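Worth saying up front: this structure is predicted, and the values here are computed from it rather than measured. Below, chains carry the letters A, B, ... as their sequence lines are ordered, and counting in each starts from 1.
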Amino acid sequence: MKYDFASIEQKWQKKWEEQGIFHAQDKSDKKKFYALVEFPYPSGAGMHVGHIKAYSGLEVISRKRRMQGYNVLFPIGFDAFGLPAENYAIKNGVHPRVTTDRNIKHFTEQLKRAGFSFDWSRVIDTTDENYYHWTQWIFLKMFENDLVFRDKALVNYCPSCKVVLSNEDSQGGKCDICHSDIIQKEKDVWYLRITRYADKLLKGLDEVDYLPNIRQQQENWIGKSTGAFVNFALDGIEDKLRIYTTRPDTLFGVTFMVIAPEHPILSKYADRIRNRAELEAYQQQCQKKTEFERTQLVKDKTGVRVEGICAIHPLTGEKIPVFAADYVMMGYGTGAIMAVPAHDQRDYDFAKVYGLEIREVISGGDISAEAYTGDGPMVNSDFLNGISTKKEAISRMIGKLEQMGIGEEGVQFKMKDWAFNRQRYWGEPIPIVHCPHCGIVPVPYDQLPLKLPEVKEFEPGEGGESPLAKIESFVRCKCPRCGGNARRETDTMPQWAGSSWYFIRYVDPHCKTGIADYDKMKYWLPVDWYNGGMEHVTRHMIYSRFWHKFLYDIGEVPCPEPYAKRTAQGLILGANGVKMSKSLGNVVDPNDVIDQYGADTLRTYVLFMGDYASAAPWSEDSVKGCKRFLERVADLPGIVRGTGSTPKLESSFHKTIKKVSEDIEEMKFNTAIAAMMKLINEIFEVGQLTRDELSIFVRLLCPVAPHLCEEIWAGMGEKGLCSAAAWPEYDPAKTVDREVEIAVQINGKLRGTIKLPMDCEKDEALRLAHADERIAAQLEGKTIVKEIVVPNKIINLVVR
RNA sequence: GCCGGUGUGUCGGAAUGGCAGACGAGAUAGACUCAAAAUCUAUUAUCCGCAAGGGUGUGUGGGUUCAAGUCCCACCACCGGCACCA
């Protein structure tokens with residue numbers, strides 16, 4: 001058969017669409033399977049081969065599931081709010097709505113060209129008011145449940161994008177979007193109290209099946225630590241200095257205290273401080289440093305003694321000096337620590353710079369050289385002396401502190417509350433009104449969606465105000481509570497908002513009465529299998545798990561975790577082995593590949609190129625290899641002879657069905673395809689196959705290369721679609737050969753192979769091994785010490 | 001620094017403790033062709049040998065085992081996450 005992929009692919013894409021065979025049924029007796037891929041941001045550049053790989057994994061699994069009789073939901077949509085469309089608007093004056101619609105259209109065409117079996121009747125666009133209506137609704141629900149608060153804060157600010165960024169978007173001190181240096185700026189910030197869900201987010205990981213590295217990244221992100229809070233009395237001051245420590249056992253080793261330069265006691269008791277000028281100068285110096293400089297450039301410790309404030313050791317009554325130093329952060333723990341230089345390297349370094357006492361309380365190290373963080377018998381520690389396990393010392397110390405009422409066990413998380421506003425136009429407006437009388441007032445539910453107004457100018461205002469602030473007709477409003485004149489919030493939500501709940505909307509994308517119909521959610525949720533990039537494992541996934549858990553707590557969704565299983569695909573690198581990027585000119589456009597080789601070849605290649613979860617470089621030559629394979633498949637109908645099974649191929653077919661079925665489940669697509677390549681090599685060696693065997697072959701290959709398989713299927717005179725045919729079954733008994741070739745080793749070295757009947761008796765196997773000429777020659781004059789026979793595997797003769 | 005992962009031909013990569021290198025690519029030779037491409041056939045880890053055959057080989061060094069790419073210990077390199085986190 002001539003393999004005219006272009007016309008074949010067009011033809012079958014049309015038929016699939018006409019027959020609507022990929023539409024999920026909301027009511028069905030079949031078992032459900034909900035497969036989710038990360039919906040794309042529809043960028044102007046169009047799709048990337050990385051998208052093709054990202055979607056092909058669950059595409060194959062979804063197609064296989066349908067053939068296995070499942071009711072499959074495999075949806076797609078567009079995460080279309082975001083900065084690029086807005087930046088494009090600023091530059092070219094084209095409204096983001098226009099570019100977004102254009103890009104979505106382009107992406108849709110490309111996705112369809114690849115032949116993905118998405119349910120196109122459920123497409124979501126986060127910028128559609130019928131969608132962001134419910135994004136705003138969830139925000140209001142959070143507001144109602146005290147998960148939203150407003151605070152002035154030093155925020156990460158990108159002077160180039162003129163926008164406030166979350167810690168997540170400004171990792172490494174660089175803006176995630178434009179890579180400019182971040183500066184610190186005081187701003188009003190809307191926060192979501194995600195920290196309230198820290199423990200739930202951590203515990204929930206026990207209920208789900210995420211790849212181990214994915215789970216670990218989430219755990220690191222949440223960053224739970226257990227320790228104790230201790231309240232230190234301050235000399236002559238009523239207030240206590242509360243600290244957090246993971247090493248309460250070292251309390252007797254405290255020789256000074258350190259507080260963050262922004263710690264409130266510094267301003268509260270400013271009049272007691274004798275070196276105010278020095279301290280203020282230091283505070284200013286620290287404020288100038290960005291978070292990046294403070295945390296990433298770990299070098300010399302700096303700090304200033306707070307003269308006039310002195311702590312008192314809760315157990316010894318000793319007076320302890322207090323320092324302000326920027327190696328202690330206001331944002332973690334209580335912003336104050338007890339310093340134990342003998343057993344903490346940072347405190348040790350600081351003590352060395354300021355000539356402070358280093359008091360050993362755990363023996364076993366050499367504290368003249370460095371801090372000792374290991375275990376050892378305790379010394380200089382009163383009631384703890386002699387105890388040599390950290391665990392016991394900690395629990396005794398906490399017991400003592402609790403008994404004295406000056407401390408307790410506690411936990412801390414690295415995760416911070418989520419800065420949720422952006423000074424941008426192209427996002428969901430935050431549905432809040434600022435009233436001079438009533439303060440902050442939520443927009444009533446019946447006024448949702450709060451639509452984005454039409455705007456001509458997209459430039460952010462000076463000082464990073466949202467472009468919405470310039471639209472008087474939007475800003476001016478009546479207070480929903482008192483009816484007086486009020487002003488709308490002009491900030492919008494971050495891009496993470498829309499993607500935090502989209503998987504729920506797919507269940508019922510046109511629902512007018514809520515996020516989705518509860519019964520439909522009960523049927524479809526949770527997502528059975530979610531695949532996406534490693535880069536979304538912490539931010540997007542933590543955020544969406546948080547939203548989902550909140551919705552569960554208020555009874556809006558039926559299950560506590562949104563995703564039952566999560567996997568991630570590896571990147572496709574450029575042919576030169578580095579990340580694809582426009583500037584390097586190594587980007588591969590899927591359109592070009594489809595034009596030249598066809599969608600089936602592209603799909604086959606991205607799955608065959610290597611381990612699905614690992615990064616692998618693009619190779620045009622290997623693409624051609626996949627094309628050759630499909631051409632050989634297209635030639636199979638020409639060598640069909642008869643029906644039933646070909647004796648020489650029978651067990652190979654059963655083995656291949658088993659291998660492909662199992663490998664697909666484990667996302668080992670590369671070996672599944674290799675198994676089919678191996679089988680086709682055998683078929684051409686034999687020179688023929690039966691009609692029934694061809695039927696098996698095309699059904700096995702259909703999830704990977706569906707267009708070609710439909711064409712062959714139709715050519716065989718089958719009535720229905722191959723995509724709707726039954727997945728082939730295998731007979732386990734027929735996957736085993738009657739005869740096996742096994743290795744014969746002498747002293748562990750391969751010395752020959754012999755053919756044996758399957759499950760051959762040990763004695764018979766040994767007899768045949770000894771009968772082999774080569775083996776016999778090797779055994780000449782040797783004494784056999786031991787004979788090992790592993791049935792159907794190997795014989796090892798140990799000789800002397 | 002802490003935590004995870006990976007290390008196999010020329011390349012992408014296969015191998016429930018049991019014949020290392022499946023499958024694909026590339027290369028070499030041959031067939032077809034005026035020629036090239038495509039296609040087909042054969043060879044393709046490495047060293048010694050004319051050959052039969054033998055030695056060595058999965059980052060490095062040890063160990064367990066009849067048998068180790070696979071298990072254990074130590075180390076090296078690379079990738080990823082977290083990080084003055086108290």
Legend entry - Whether H313(A) and F252(A) hold their rings parallel, tilted or perpendicular, with breakpoints at 30° and 60°: parallel
Inset, instruction - For Y210(A) and N213(A), indicate whether the former's side chain and the latter's backbone hold a donor-acceptor pair under 3.5 Å. - result: no
Legend entry - Nucleotide paired to C75(B) in any strand shown, Watson-Crick or G-U, under 3.5 Å: G59(B)
Legend entry - Check: N220(A) side chain, C82(B) base, donor-acceptor under 3.5 Å: no
Inset, instruction - Remember a base hit wins even if backbone is also touched, and classify N796(A) as base, sugar-phosphate or nothing at under 4.0 Å, heavy atoms. - result: base
Legend entry - Same-atom distance (C1') from C82(B) to G13(B), integer angstrom: 31 Å
Inset, instruction - Using a 4.0 Å heavy-atom cut-off across all strands, classify N681(A) as base, sugar-phosphate, or nothing. - result: sugar-phosphate
Inset, instruction - Describe the nucleic acid contact of K627(A) in one word from base, sugar-phosphate, nothing, applying a heavy-atom distance below 4.0 Å. - result: nothing
Inset, instruction - Describe the nucleic acid contact of Q217(A) in one word from base, sugar-phosphate, nothing, applying a heavy-atom distance below 4.0 Å. - result: sugar-phosphate
Inset, instruction - Please work out if D611(A) contacts a base, only the sugar-phosphate, or nothing of the nucleic acid, heavy-atom cut-off 4.0 Å. - result: sugar-phosphate
Legend entry - Between A27(B) and G9(B) - C1' atom distance, rounded Å: 13 Å
Legend entry - Nucleotide opposite G1(B) in a Watson-Crick or G-U pair, distances under 3.5 Å: C82(B)
Inset, instruction - Please state the P separation for the pair A14(B) and G21(B) - nearest whole angstrom. - result: 15 Å
Legend entry - Euclidean distance for P, U60(B) against C11(B) (whole angstrom): 15 Å
Legend entry - Any R215(A) side-chain nitrogen or oxygen under 4.0 Å from OP1 or OP2 of C3(B): no
Inset, instruction - Check whether any side-chain nitrogen or oxygen of S225(A) sits under 4.0 Å from OP1 or OP2 of A86(B), and answer yes or no. - result: yes
Inset, instruction - Kindly indicate whether the side chain of K414(A) and the base of C82(B) share any N or O donor-acceptor pair separated by less than 3.5 Å? - result: no
Inset, instruction - Take atom P in A42(B) and the same atom in C76(B), then report the distance between them in whole Å. - result: 48 Å
Inset, instruction - Describe the nucleic acid contact of K224(A) in one word from base, sugar-phosphate, nothing, applying a heavy-atom distance below 4.0 Å. - result: nothing
Legend entry - Gap in Å between the two P atoms, one belonging to G57(B) and one to G63(B), rounded: 14 Å
Legend entry - Lys/Arg cation over aromatic Y612(A): K53(A), 6.0 Å, 45° cone: yes
Inset, instruction - State whether Y244(A) places a side-chain N or O below 4.0 Å from either non-bridging phosphate oxygen (OP1 or OP2) of A86(B). - result: no
Legend entry - K786(A) side chain near C66(B) phosphate (N/O to OP1/OP2, under 4.0 Å): yes
Inset, instruction - Would you classify V798(A) as touching base, sugar-phosphate or nothing, given that sugar-phosphate means primed atoms plus P, OP1 and OP2, and contacts are heavy atoms under 4.0 Å? - result: sugar-phosphate
Inset, instruction - Output yes when at least one side-chain N/O atom of R628(A) is less than 4.0 Å from OP1 or OP2 of U39(B), else no. - result: yes
Legend entry - Pair assignment for C32(B), Watson-Crick or G-U wobble, requiring both distances under 3.5 Å: none
Inset, instruction - Look through every strand shown and name the nucleotide pairing with U44(B) as Watson-Crick or G-U wobble, where both distances are under 3.5 Å. - result: G26(B)
Inset, instruction - Consider only side-chain N and O atoms of D347(A) and Y327(A), and report whether a donor and an acceptor are under 3.5 Å apart. - result: yes
Legend entry - OP1 or OP2 of A15(B) under 4.0 Å from side-chain N/O of K668(A): yes
Inset, instruction - For the residue pair H263(A) and Q283(A), confirm or rule out a side-chain donor-acceptor distance under 3.5 Å. - result: no
Legend entry - Nearest-angstrom distance, C1' atom, C2(B) to A68(B): 31 Å
Legend entry - Distance-only side-chain donor-acceptor flag, E685(A) / N681(A), under 3.5 Å: no
Inset, instruction - Verify the distance criterion only: is there a donor paired with an acceptor across the side chains of Q412(A) and S225(A) at less than 3.5 Å? - result: no
Legend entry - U8(B) to C23(B) separation - C1' atoms, rounded to the nearest Å: 15 Å
Inset, instruction - Go through C19(B), G24(B), C84(B) for me and flag the one nearest to the M677(A) side chain. - result: G24(B)
Legend entry - Watson-Crick or G-U counterpart of G21(B), or none if no pair lies under 3.5 Å: none
Inset, instruction - With syn defined as a glycosidic angle within 90° of 0 and anti as everything else, classify G80(B). - result: anti
Inset, instruction - Could you tell me whether A615(A) contacts a base, only the sugar-phosphate backbone, or nothing, with contacts defined as non-hydrogen atoms closer than 4.0 Å? - result: sugar-phosphate
